[in-house]
Amino acid sequence: MTTTPITDYAMLSDRHSAALVARDGTIEWLCMPRFDSPSVFAAMLDDDAGSWSIRPTAPYRVSRHYMDATLVLQTSFETGTGAVVLTDAMATGADPDPHRLGVAAPHTLLRSVMCVRGSAEVEIRYRPRPEYGLVTPLLPRMDGGIRARGGSGRIVLSSPVELEIARDEAVGTVALEAGEVLRFALCWAALDQPDPGRRSPEEIAADLEATLTSWRAWSRVHQAYDGPYLDLVRHSGRVLQGLSYQPTGAIVAAPTTSLPEEAGGMRNWDYRYAWVRDASFTMDALWVAACPDEAEEFFSFMTTAAATYEPGRALQIMFGVGGEHDLTERELPHLRGWRDSRPVRTGNDAWRQAQIDVYGALLGAAGRLADQLTWIDPDERGFLAALADAAACQWSRPDYGIWEIRGDPRHYVYSKVMCWVALDRAIELADRLDAAERVPRWQQARDEIRRAVLRDGWSAEAGAFTQAFHSADLDASVLMMPIVGFLPADDPRMLATIDAIAKRLTGENGLVYRYRADDGLEGGEGTFVLCTFWLAQALALAGRVGQAREVFESAVSLTNDVGLLAEEIDPVTGEQLGNFPQAFSHIGLVNAAWAIDGALSEGQILC
């Protein structure tokens with residue numbers, strides 16, 4: 001059973017797949033060639049599921065950082081005799097166009113270790129376990145490296161050190177003096193592709209330099225944000241770029257599966273897919289921390305993947321990064337899970353759920369891209385108009401809500417509000433959608449939704465808008481009401497709701513729970529990072545900038561040493577929980593910072 005804290009991981013990405021590196025220099029997660037491919041290393045879910053470590057043999061102190069404007073990681077080890085620096089990256093390939101970051105990614109993990117002071121002995125331990133640890137491959141030597149034979153891909157480790165091959169791993173030690181450097185590469189290719197072959201040290205150095213150049217070119221062209229929390233916002237923009245799948249523009253919710261919401265619990269889901277519900281939030285964040293090109297790519301992916309929508313049926317809520325619809329969930333009983341959190345799952349059966357908020361997510365995204373919608377074709381315009389028709393028809397139905405609660409469907413307030421968003425944005429876009437004749441019907445449905453939410457979504461008992469119609473249970477998702485423009489943030493009912501959530505839905509760590517009501521699942525969960533940023537954003541919109549900054553800073557104080565956030569935070573220990581890093585959390589950070597910047601720009605400095 002792995003005991004590595006989630007906080008200890010850093011992410012590498014080539015915009016096709018991702019790796020997680022622990023503070024001790026161990027790669028504990030790597031999927032190739034896609035985010036949702038079976039793993040090559042999965043030690044974060046089971047010690048026997050594969051890893052690759054490079055670290056000093058002597059006791060050490062460690063620090064690490066991402067190299068400026070990149071997702072290239074440097075880990076520094078200080079020993080009693082010297083210091084070594086480990087540099088890790090997933091090769092993006094070289095391309096002169098910064099808008100095409102990762103287009104030529106060679107599915108290669110790069111590692112170099114350099115002695116920068118004194119001397120140090122370094123150990124290399126390589127244990128590939130393809131297919132989530134099911135395959136123990138043969139490890140035949142080759143000139144300058146090792147092949148891993150077994151499973152659905154060809155894996156070649158290029159190594160300047162001759163490793164001793166035991167039955168299921170390759171191990172070696174080497175003494176380094178100041179100025180000496182060792183360069184390694186792990187290359188993957190499908191069985192029907194040419195053998196990836198060995199990479200020379202010079203080629204590995206060139207691959208690393210090309211990766212640094214590509215990331216910095218992307219950051220230089222895309223990252224113009226210059227407001228409060230600048231470094232955090234720009235870094236979150238790079239994290240979102242690292243979570244995007246270059247061939248399609250999809251953005252995964254996280255690059256991992258089954259990191260739990262509670263240590264030892266069973267709320268362990270696969271997040272390596274693209275959710276429609278994230279579309280409008282993501283669009284806003286990309287607009288701030290990246291650029292419209294990425295926003296357009298993501299929107300195009302979503303509308304293309306969803307284009308099989310049939311009127312009268314619920315729109316599918318999530319897709320594979322290649323646009324796949326069938327994401328059937330299964331369990332991997334041979335894996336013990338992070339800190340014995342079982343079951344480990346791949347796939348996600350939430351794809352079968354009906355969630356009517358998705359109409360507002362897509363049309364809200366279209367609203368953000370309004371000036372760019374000239375490029376969509378008649379079929380896409382018809383599709384977006386059909387989504388508004390669906391919202392008008394389906395808003396009064398119960399659904400499973402934004403949190404994908406696996407109980408009975410209910411009349412969730414957030415879902416109704418997002419149907420209102422769908423119709424509100426469709427009305428604004430009607431001329432661009434060639435749908436002016438539908439506006440009266442859309443206006444009528446929009447007004448009906450507003451009346452229903454104000455009447456049935458407000459609880460006198462709770463003194464707030466609540467999770468569902470005729471319920472007194474609080475839910476942080478209603479903080480989106482002012483964010484999407486359903487009500488002004490300074491409306492007395494909204495202010496009361498903000499205060500109720502801040503007082504009664506906030507944990508000991510100052511962060512916000514999604515809800516505290518029974519959701520039909522065993523176990524509990526931590527405070528939710530995104531919801532905390534929603535509270536900060538709502539406070540900023542209400543002019544309470546001082547409070548907004550306090551809430552925002554409570555959340556960002558819990559980022560790990562390389563600025564990454566998981567989905568949730570343990571309210572007692574402050575430990576990060578859930579899949580990591582979480583796109584939702586970094587999207588929330590960007591949007592809350594942007595709201596604070598806007599409030600400060602308007603001179604709103606109330607406490």
Side-chain angles (χ1 to χ4, degrees), residues 11-20 31 33-37 71 90 92 99-103 105 215 218-219 222-223 233-257 269-306 316-325 327 348 350-351 357-358 361-362 364-366 368-369 372 402 404 529-530 533 564-567 578-591:
M11 180 184 74
L12 312 175
S13 170
D14 60 1
R15 296 195 66 214
H16 292 254
S17 54
L20 294 190
C31 297
R34 299 188 352 168
F35 290 104
D36 56 353
S37 296
L71 288 185
M90 294 192 73
T92 60
H99 298 292
R100 290 161 50 88
L101 177 67
V103 70
W215 271 109
W218 181 88
S219 295
H222 292 73
Q223 302 210 291
V233 170
R234 291 188 177 182
H235 179 56
S236 289
R238 289 189 290 275
V239 172
L240 293 176
Q241 184 72 349
L243 293 174
S244 66
Y245 182 60
Q246 199 283 331
T248 64
I251 296 178
V252 296
T256 59
T257 181
W269 317 112
D270 191 347
Y271 275 15
R272 298 173 297 163
Y273 307 110
W275 267 257
V276 177
R277 70 170 184 213
D278 301 358
S280 57
F281 317 138
T282 304
M283 204 66 58
D284 289 340
L286 290 176
W287 213 265
V288 174
C291 87
D293 286 349
E294 276 72 17
E296 287 183 20
E297 287 177 2
F298 180 59
F299 181 75
S300 178
F301 165 77
M302 280 297 181
T303 55
T304 300
Q316 186 161 322
I317 67 164
M318 58 193 291
F319 303 97
V321 294
E324 296 85 2
H325 286 232
L327 307 179
N348 195 314
W351 74 275
D357 60 283
V358 294
L362 277 178
R368 167 57 89 172
L369 280 173
Q372 281 74 35
I402 183 176
E404 297 166 0
V529 177
L530 173 67
F533 286 128
L564 299 180
L565 285 162
E567 182 179 39
N579 285 303
F580 179 88
Q582 176 72 214
F584 241 2
S585 299
H586 287 276
I587 289 165
L589 185 157
V590 171
N591 291 337

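On a predicted model such as this, the values are computed, not experimentally measured, just so you know. Counting begins at 1 with the first residue of the sequence.
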Quiz prompt | Stepwise side chain to side chain contact (heavy atoms under 4.5 Å, CB included) test for L240 and F298 | solution = CA-CA 11 Å; L240 293 176; F298 180 59; over 6 Å; no
For [X] against [Y], the heavy-atom pair lying closest together:
X	Y	answer
L565	S585	CB-CB, 3.9 Å
A566	V529	O-CG2, 3.8 Å
L369	E296	CD2-CG, 3.7 Å
S17	M90	OG-CE, 3.4 Å
V276	A361	O-CB, 3.2 Å
A18	P255	CB-CB, 3.7 Å

We want to know whether [X] and [Y] form a side-chain donor-acceptor pair, criterion being a heavy-atom distance below 3.5 angstrom.
X	Y	value
Q246	R100	no
H99	H222	yes
T256	N579	yes
Q582	Y271	no

Practice problem: For the pair I251 and Q241, evaluate side chain to side chain contact (heavy atoms under 4.5 Å, CB included) and give the outcome as yes or no after the intermediate values. | Solution: CA-CA 8 Å; I251 296 178; Q241 184 72 349; over 6 Å; no
Practice problem: Mind running side chain to side chain contact (heavy atoms under 4.5 Å, CB included) on W351 and Q316 for me, showing each step along the way? | Solution: CA-CA 6 Å; W351 74 275; Q316 186 161 322; 3.7 Å; yes
Considering only heavy atoms from C-beta outward, does the side chain of [X] approach that of [Y] to under 4.5 Å?
X	Y	answer
R238	Q223	yes
R272	C31	yes
W275	I402	no
S219	R234	no
V239	H235	yes
N591	F533	no

Self-check item: With Y245 via ring-ring contact (aromatic ring centres under 6.0 Å, His included) - residues at least two apart
Solution: H16
Quiz item: Is any NZ, NE, NH1 or NH2 atom of the basic residue among E324 and R34 found under 4.0 Å from an Asp or Glu carboxylate oxygen of the other?
Solution: yes
Is a donor on one side and an acceptor on the other found under 3.5 Å between the side chain of [X] and the backbone of [Y]?
X	Y	result
S13	G242	yes
N348	D270	yes
R15	G249	no

Practice problem: Quick one: do V252 and Y273 satisfy side chain to side chain contact (heavy atoms under 4.5 Å, CB included)? Show the steps, please. | Solution: CA-CA 5 Å; V252 296; Y273 307 110; 6.0 Å; no
Quiz item: Say you draw a straight line from OG1 of T282 to NE2 of H586; how long is it, rounded to the nearest 0.5 Å?
Solution: 13.0 Å
Quiz item: Going through the distances and angles, do F584 and F281 end up as a ring pair (Phe, Tyr, Trp, His ring centres under 6.0 Å)?
Solution: CA-CA 8 Å; F584 241 2; F281 317 138; 5.7 Å; yes
